[in-house]
Each structure stands twice: as structure tokens, then as C-alpha cells.
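In this text, all values refer to a predicted model and were calculated from it rather than measured experimentally. Proteins come first, then strands; the chains are lettered A, B, ... in the order of their sequence lines, and each starts at number 1.
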Amino acid sequence: MRRGKRQEYDRFRVENLKDTLLFICNRLAEHFGPLHWWPADSPFEVVIGAFLTQNTAWRNVELAIAALKRAVPLTPQAICGLERQRLEELIRPAGFFRQKAQRLQLFSGDLLEHYQGDLDAMLAGPLPQVRRYLLEFKGVGPETADSILLYAAHRPSFVVDAYTRRLLQRYGILQGGESYEQIRTLFMENLPLQTDLFNEYHALIVEQCKTFCRKRPLCDSCPLQPHCAVIL
DNA sequence: ATCCTGATCA
DNA sequence: TGATCTGGAT
């Protein structure tokens with residue numbers, strides 16, 4: 001009987017992606033409460049954090065940003081004005097410090113040269129166009145571009161990361177071989193295009209995967225039980 | 001498929 | 001001591 005209900009729900013789920021995606025979001029929101037991302041004092045600080053957090057624990061990013069803030073104001077002018085090696089030393093705790101220092105200065109330089117340092121101006125215009133512009137920067141892949149669009153520009157561009165893949169795959173929505181763009185499109189075609197929703201949803205997925213849906217999952221206390229299809 | 005990088009935790 | 005962390009470039 002319990003088994004029958006489970007099968008029935010599985011069929012319902014596959015045919016109603018929109019409802020399922022909202023259901024997951026609501027469940028996580030009930031469990032974790034509001035997370036109010038992205039923790040930063042300015043949109044440009046969000047950009048800095050988006051570069052620094054690539055394949056890096058957020059804790060280490062905090063150390064780097066704190067050191068950077070003690071040294072200079074977080075503006076494109078100041079980032080460009082730093083000696084490369086000096087910038088490398090300041091952001092060292094975030095790892096990959098050489099490539100990240102170079103890429104931060106390339107981005108800041110373009111922002112100064114073409115937009116007089118006005119980030120809002122750079123991020124204005126049609127979403128797909130701005131996204132393509134961001135993706136041209138060295139060090140900006142799809143996740144970093146969408147993070148900047150969502151958390152610095154407050155635009156409804158869904159952020160997909162390794163956590164998102166893992167959660168959706170275990171839940172039974174993804175099979176495993178899907179591309180970044182496919183997964184992003186899945187969210188954006190099945191959810192209302194609302195910045196606040198995308199903002200909270202991605203933050204909740206990160207929190208969920210750090211807490212329960214880890215590589216070694218903790219299904220016992222997971223807020224998505226018994227709906228998840230994870231096979232251990 | 002491999003490299004870039006440092007701090008934390010199992 | 002190794003795996004992992006809000007990836008991206010070559």
C-alpha cells in the first residue's frame with residue numbers, strides 16, 4: 001500500500017516538473033528558512049566573491065575578502081590599482097590565487113575602460129546579451145556568469161552548480177549526462193522567472209547539499225524524505 | 001582528462 | 001592523510 005502510493009507519486013512527479021520543482025523549493029524553505037544570499041556589501045563585492053569561490057570553500061573566500069577589504073576599498077579602480085603580486089598575496093586564502101588575481105584585474109579593467117567602473121551599466125540590457133558578454137571574460141564560465149546576473153544584477157538567471165546536479169539526479173529528475181545549459185533551461189522553463197525565487201532556490205540547494213545531500217548522503221534526517229528517489 | 005591552489009574536516 | 005569545496009581553461 002505504501003509502495004503503491006510511492007509509485008503513484010513518482011508518475012505524478014515526472015509528468016509535473018513545475019509542481020515538483022516548486023515542491024522541493026518549498027520543502028527546503030520550510031526546513032532551512034530564509035537564507036538571504038548573497039552575503040556582500042555591494043554588487044561589485046558579489047562579483048569578487050563569484051570569482052574567488054570557484055572550486056573553493058566559502059570559508060576561504062571570506063578570509064580572502066576580509067584581507068582584501070582591509071587593504072583597499074572593493075572597487076574596480078582599487079583592484080586594478082594593486083600590483084598583481086600584492087593582489088595575489090591578499091586573496092591567497094581562496095586558492096588558485098594567481099589565475100584569480102589575473103582574472104579579477106582583467107574584469108575590473110574592462111569595467112573601467114568600457115563602463116567607467118559602473119557595474120550596473122555593464123549588466124544592463126537584455127539578459128541573454130549580458131550573459132554572453134560575461135561569458136567572454138577569462139574565468140567566467142556559466143555558473144559564475146549566472147551568479148553575477150542573479151546575485152549582483154538581481155536578474156532571473158538560474159544558477160546551476162555541482163550541488164544542483166547531485167540533488168536533481170538523486171531525486172530522480174536528472175539522468176546524469178545533462179549539460180549546464182539543459183539544467184538551467186529546465187529550471188527557467190518550469191519556474192516563474194522571479195529573481196527572489198531563483199535567489200532563494202539556489203541558496204537552499206547549496207545548504208541542502210552541504211547538510212544532507214552530501215557526497216555521502218544523510219538520508220535519515222533529510223527534509224526531502226520520503227519523496228526522493230535516491231538509490232543507495 | 002588534467003591543471004590550478006589553500007583551508008578544513010572525516 | 002585524503003576528500004572536498006557555491007569552476008574554468010587548456
Trainee: Measuring to OP1 and OP2 of C:dG7, would you say a side-chain N or O of A:Thr53 lies under 4.0 angstrom away?
Mentor: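 No, no such contact exists.
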
Trainee: Which part of the nucleic acid, if any, lies within contact of A:Val159, taking any heavy atom under 4.0 Å across all strands shown: a base, the sugar-phosphate backbone alone, or nothing?
Mentor: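 Nothing, no heavy atom under 4.0 Å.
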
Trainee: Do any side-chain nitrogens or oxygens of A:Lys138 fall under 4.0 Å of OP1 or OP2 in C:dG8?
Mentor: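 A:Lys138 to C:dG8 OP1/OP2: no side-chain N or O under 4.0 Å.
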
Trainee: What integer distance in Å separates A:Lys210:NZ from C:dA3:P?
Mentor: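 In whole Å, C:dA3 P lies 21 Å from A:Lys210 NZ.
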
Trainee: Using whole Å, what does the distance between atom P of nucleotide C:dT6 and atom CG of A:Asp161 come to?
Mentor: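 From A:Asp161 CG to C:dT6 P: 9 Å.
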
Trainee: Between A:Arg155 (side chain) and A:Leu123 (backbone), is there a donor-acceptor pair under 3.5 Å?
Mentor: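 Yes, the answer is positive, given that a donor and an acceptor are paired below the 3.5 Å cut-off.
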
Trainee: Under 4.0 Å between any heavy atoms, over every strand shown, what does A:Arg165 touch: base, sugar-phosphate, or nothing? Just pick one.
Mentor: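 Nothing, no heavy atom under 4.0 Å.
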
Trainee: For A:Ala57 and A:Arg214, take the nucleotide of DNA chain B holding the closest heavy atom to each; which residue's nucleotide lies nearer the 5' end?
Mentor: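 That would be A:Ala57.
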
Trainee: Rounded to whole Å, how long is the line connecting atom CG of A:Leu134 with atom P of C:dG7?
Mentor: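 So the CG-P distance, A:Leu134 to C:dG7, works out to 18 Å.
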
Trainee: Under 30°, 30 to 60°, or over 60°: which ring-plane class applies to A:Phe32 and A:Phe212, parallel, tilted or perpendicular?
Mentor: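 Tilted, since the angle between the ring planes falls between 30° and 60°.
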
Trainee: Starting at CH2 of A:Trp58 and ending at C1' of C:dG7, how long is that distance when rounded to a whole Å?
Mentor: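 To the nearest whole Å, that distance equals 14 Å.
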
Trainee: Take the protein atom CZ of A:Phe96 and the nucleotide atom P of C:dG8, then report the distance between them rounded to whole Å.
Mentor: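 So the two atoms are 12 Å apart, to the nearest Å.
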
Trainee: Could you measure between the two C1' atoms, the one in B:dT5 and the one in C:dC5, and give it in whole Å?
Mentor: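 The same atom, C1', in both gives a distance of 12 Å.
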
Trainee: Minimum heavy-atom separation for A:Val130 to A:Met122, with atom names?
Mentor: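 Reported closest heavy-atom pair: CG1-O, 4.0 Å.
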
Trainee: In this structure, how many angstroms lie between the C1' atom of C:dT6 and the CZ atom of A:Phe51, rounded?
Mentor: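 These atoms are roughly 15 Å apart.
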
Trainee: Quick check on B:dT5: is either OP1 or OP2 less than 4.0 Å from any side-chain nitrogen or oxygen of A:Arg98?
Mentor: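 Looking at the OP1 and OP2 atoms of B:dT5, one of them is under 4.0 Å from a side-chain N or O of A:Arg98.
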
Trainee: Quick one: does any side-chain atom of A:Gln54 pair with a main-chain N or O of A:Phe96 as donor and acceptor, under 3.5 Å?
Mentor: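 Judged by distance alone, no pair lies under 3.5 Å.
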
Trainee: With a 4.0 Å limit, can you tell me whether A:Arg59 has a side-chain N or O closer than that to the phosphate oxygens OP1/OP2 of B:dA7?
Mentor: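 Checking B:dA7 against A:Arg59, no side-chain N or O comes under 4.0 Å of OP1 or OP2.
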
Trainee: side-chain contact (heavy atoms from CB on, under 4.5 Å) with A:Phe198: which of A:Tyr151, A:Phe187, A:Phe158?
Mentor: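 Single side-chain contact (heavy atoms from CB on, under 4.5 Å) partner of A:Phe198 among A:Tyr151, A:Phe187, A:Phe158: A:Phe158.
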
Trainee: Could you check whether A:Gly141 gets within reach of a base, just the sugar-phosphate, or nothing at all, counting any heavy atom under 4.0 Å?
Mentor: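 Sugar-phosphate contact only.
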
Trainee: Classify the nucleic acid contact of A:Gln99 as base, sugar-phosphate or nothing, counting any heavy atom under 4.0 Å across all strands shown.
Mentor: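 The answer is base, as A:Gln99 lies within the cut-off (heavy atoms under 4.0 Å) of a base atom.
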
Trainee: B:dC4 base stacked by A:Phe97? Criteria: ring centres under 5.5 Å, plane angle under 30°.
Mentor: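 No, aromatic ring not over the base.
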
Trainee: Base, sugar-phosphate alone, or nothing: which one does A:Thr164 contact when heavy atoms must sit under 4.0 Å apart?
Mentor: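 No contact at all - A:Thr164 keeps every heavy atom at 4.0 Å or more from the nucleic acid.
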
Trainee: Could you check whether A:Arg216 gets within reach of a base, just the sugar-phosphate, or nothing at all, counting any heavy atom under 4.0 Å?
Mentor: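 Answer is nothing: A:Arg216 stays at 4.0 Å or more from every strand.
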
Trainee: Got A:Ser157 and A:Leu127 here, is their nearest side-chain heavy-atom distance under 4.5 Å?
Mentor: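 With C-beta onward as the side chain, the pair touches.
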
Trainee: So, OP1 or OP2 of C:dT4: does either fall under 4.0 Å of a side-chain N or O from A:Lys215?
Mentor: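 For C:dT4, OP1/OP2 do have a side-chain N/O of A:Lys215 under 4.0 Å.
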
Trainee: Which of the following nucleotides, B:dG6, C:dC5, C:dT6, is nearest to the side chain of A:Asn60?
Mentor: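 In terms of side-chain proximity for A:Asn60, the closest of B:dG6, C:dC5, C:dT6 is B:dG6.
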
Trainee: Between A:Thr56 and A:Arg103, just flag the one whose closest nucleotide in DNA chain C comes earlier from the 5' side.
Mentor: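 The residue whose closest nucleotide sits nearer the 5' end is A:Thr56.
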
Trainee: Whole-Å distance between C:dG7 C1' and A:Gln54 CD?
Mentor: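 Interatomic distance, CD of A:Gln54 to C1' of C:dG7: 5 Å.
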
Trainee: In this structure, how many angstroms lie between the P atom of B:dC4 and the CD atom of A:Glu88, rounded?
Mentor: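 Distance, rounded to whole Å: 14 Å.
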
Trainee: Taking only the side-chain heavy atoms of A:Leu63 (C-beta and beyond), determine which of B:dA7, C:dT6, C:dG7 contains the nearest atom.
Mentor: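 Ranking B:dA7, C:dT6, C:dG7 by closest atom to the A:Leu63 side chain puts B:dA7 first.
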
Trainee: Using the P atom in both, what is the distance from C:dT6 to B:dC9, to the nearest Å?
Mentor: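 About 12 Å, rounded to a whole number of Å.
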
